Amino acid sequence: MPPPPPTAHDLRVLTGPRRAAALETLLSDLRSPDPVVRDERAYRRAKEWVPHLDAGELRMLGDRTAEHLAHPEVQARTFAPLVLARIAEAGDWRPEWWDAFARWYPAEQDLRGHDAALGWLHAAAHGADLLAALARGRREPPGTLAPTAVARLLAPTTHLFDAQEDDRIAHALAQILAGPDITAADSERWAEPVVAAFRTGEPGPVPAWASNTMRTLRALYVLADRGFRDDEGVVRTATHRPAVLRAVAGALGIVAPYAA
């Protein structure tokens with residue numbers, strides 16, 4: 001059966017100024033406050049187009065998307081990591097993109113998962129997805145990726161994760177800790193700031209950041225102990241599993257002294 005004819009949004013039919021204009025429209029739509037335009041249309045189109053962009057187009061899209069991380073509108077900021085993840089998977093990654101992400105991720109204040117008008121925002125989860133993509137592609141060292149995830153968890157917030165953000169961050173950490181380049185020392189060192197933060201706890205209501213971090217570590221313990229499935233369905237485990245389990249259990253033991 002012959003392939004279906006190209007549509008108006010198919011990159012195969014776009015060349016020259018029309019192609020450049022389509023990429024500009026894509027960037028604009030990825031900032032749209034309309035969730036149908038941004039999520040259901042533009043992001044899907046980005047996933048389809050990114051593997052077919054040339055080096056110059058990937059660089060332009062990455063540069064412009066990284067700029068979105070400082071955009072005044074939350075939906076522009078929170079969808080930028082998803083597009084950067086697709087660009088990294090396509091084979092391009094730049095230090096300046098990492099710098100922009102590392103400034104934004106722990107500092108983002110709007111951690112809502114879903115908004116009735118704006119749709120999915122999911123800053124914590126989308127940032128975790130980029131960390132996972134960078135870990136899979138070995139685009140950044142694990143000694144950089146894991147502390148960035150921890151910085152997000154420990155940043156002051158009043159928002160309690162309610163849309164499985166803890167699972168997504170745990171999954172990202174599991175992929176980082178399963179990297180072939182991670183050392184046994186780094187497999188434990190990333191948890192030191194968590195231990196220090198937990199030791200500052202006082203009697204009274206549990207702060208949102210602490211609850212978010214506890215639930216993330218519990219999910220991570222399961223993934224580190226039992227393994228997780230990668231994109232091909234292959235079960236992977238932490239490179240230094242005993243060290244990871246020791247680090248997670250040690251941190252959780254501070255807030256759950258009844259644990260064996």
Side-chain angles (χ1 to χ4, degrees), residues 98 101-102 105-106 111 124-125 127-157 159-161 163-260:
W98 170 256
F101 173 75
Y105 192 43
L111 300 183
D129 291 349
L130 175 55
L131 291 174
L134 295 175
R136 288 193 300 271
R138 300 168 73 178
R139 300 292 180 187
E140 293 286 339
T144 298
L145 295 172
T148 304
V150 170
R152 174 64 273 170
L153 289 171
L154 300 183
T157 182
H159 179 80
L160 194 65
F161 290 160
Q164 292 191 283
E165 294 91 344
D166 39 8
D167 288 331
R168 296 271 274 278
I169 298 175
H171 184 231
L173 280 167
Q175 295 196 64
I176 295 165
L177 296 167
D181 301 326
I182 195 166
T183 65
D186 278 342
S187 295
E188 294 190 77
R189 189 178 291 121
W190 64 271
E192 291 175 0
V194 179
V195 169
F198 281 174
R199 283 180 175 159
T200 66
E202 299 177 348
V206 178
W209 69 264
S211 180
N212 293 340
T213 304
M214 293 175 204
R215 287 186 285 122
T216 299
L217 292 187
R218 291 173 190 137
L220 175 59
Y221 193 95
V222 173
L223 296 177
D225 183 44
R226 297 182 59 85
F228 64 93
R229 296 189 185 277
D230 63 16
D231 290 345
E232 285 74 42
V234 177
V235 176
R236 298 177 59 202
T237 58
T239 303
H240 301 281
R241 178 174 171 274
V244 173
L245 294 177
R246 186 164 55 244
V248 177
L252 287 174
I254 297 169
V255 294
Y258 45 79

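Everything numeric in this text was worked out from a predicted model, so none of it was measured.
Considering only residues two or more places apart in sequence or on other chains, Glu192 meets the side-chain hydrogen bond (donor to acceptor under 3.5 Å, both in side chains) condition with none of them. For Arg189, the side-chain hydrogen bond (donor to acceptor under 3.5 Å, both in side chains) criterion is met by Asp186, not counting sequence neighbours.
Ring orientation note: the planes of Tyr105 and Phe101 are close to parallel, at an angle under 30° on the 30°/60° scale. Ring orientation note: the planes of Trp209 and Phe198 are close to parallel, at an angle under 30° on the 30°/60° scale.
Put simply, CG on Leu217 and CG on Leu153 are 7.0 Å apart, with the number rounded to the nearest 0.5 Å. The structure places OG1 of Thr183 at 9.5 Å from CD of Glu188, a figure rounded to the nearest 0.5 Å. Here CD1 of Ile182 is found 12.0 Å from CZ of Arg138. Values are rounded to the nearest 0.5 Å. Remark: Leu131 CG to Leu173 CG distance equals 8.0 Å, nearest 0.5 Å. With rounding to the nearest 0.5 Å, the separation of CD1 in Ile176 from CG in Asp181 is 13.0 Å.
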*Would Val255 and Thr213 satisfy side chain to side chain contact (heavy atoms under 4.5 Å, CB included), going step by step from the backbone distance to the final call?*
CA-CA 11 Å; Val255 294; Thr213 304; over 6 Å; no
*Test log, rule side chain to side chain contact (heavy atoms under 4.5 Å, CB included), inputs Leu130 and Trp98*: CA-CA 10 Å; Leu130 175 55; Trp98 170 256; 5.9 Å; no
*What do the steps show when you test Leu160 against Asn212 for side chain to side chain contact (heavy atoms under 4.5 Å, CB included), and what is the final call?*
CA-CA 6 Å; Leu160 194 65; Asn212 293 340; 3.5 Å; yes
*asked:* Between Leu134 and Thr144, is the side chain to side chain contact (heavy atoms under 4.5 Å, CB included) condition met? List the steps.
replied: CA-CA 11 Å; Leu134 295 175; Thr144 298; over 6 Å; no
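When all heavy atoms of Val235 and Gly227 are compared, the pair lying nearest together is CG1-CA, 4.2 Å. Minimum interatomic distance between Ala128 and Ala172 (heavy atoms only, all atoms of both residues): O-CB, 3.3 Å. Taking both residues in full, the closest heavy atoms of Pro193 and Leu154 are given as O-CD1, 3.6 Å, listed atom of the first, atom of the second, then distance.
Looking only at side-chain heavy atoms (C-beta outward), Asp230 and Arg136 stay at 4.5 Å or farther from each other.
In this structure, Asp225 pairs ionically with Arg241, as a charged nitrogen and a carboxylate oxygen lie closer than 4.0 Å.
Of the candidates His171, Met214, Arg215, Arg218, Asp166 forms a side-chain contact (heavy atoms from CB on, under 4.5 Å) with just one, namely Arg215.
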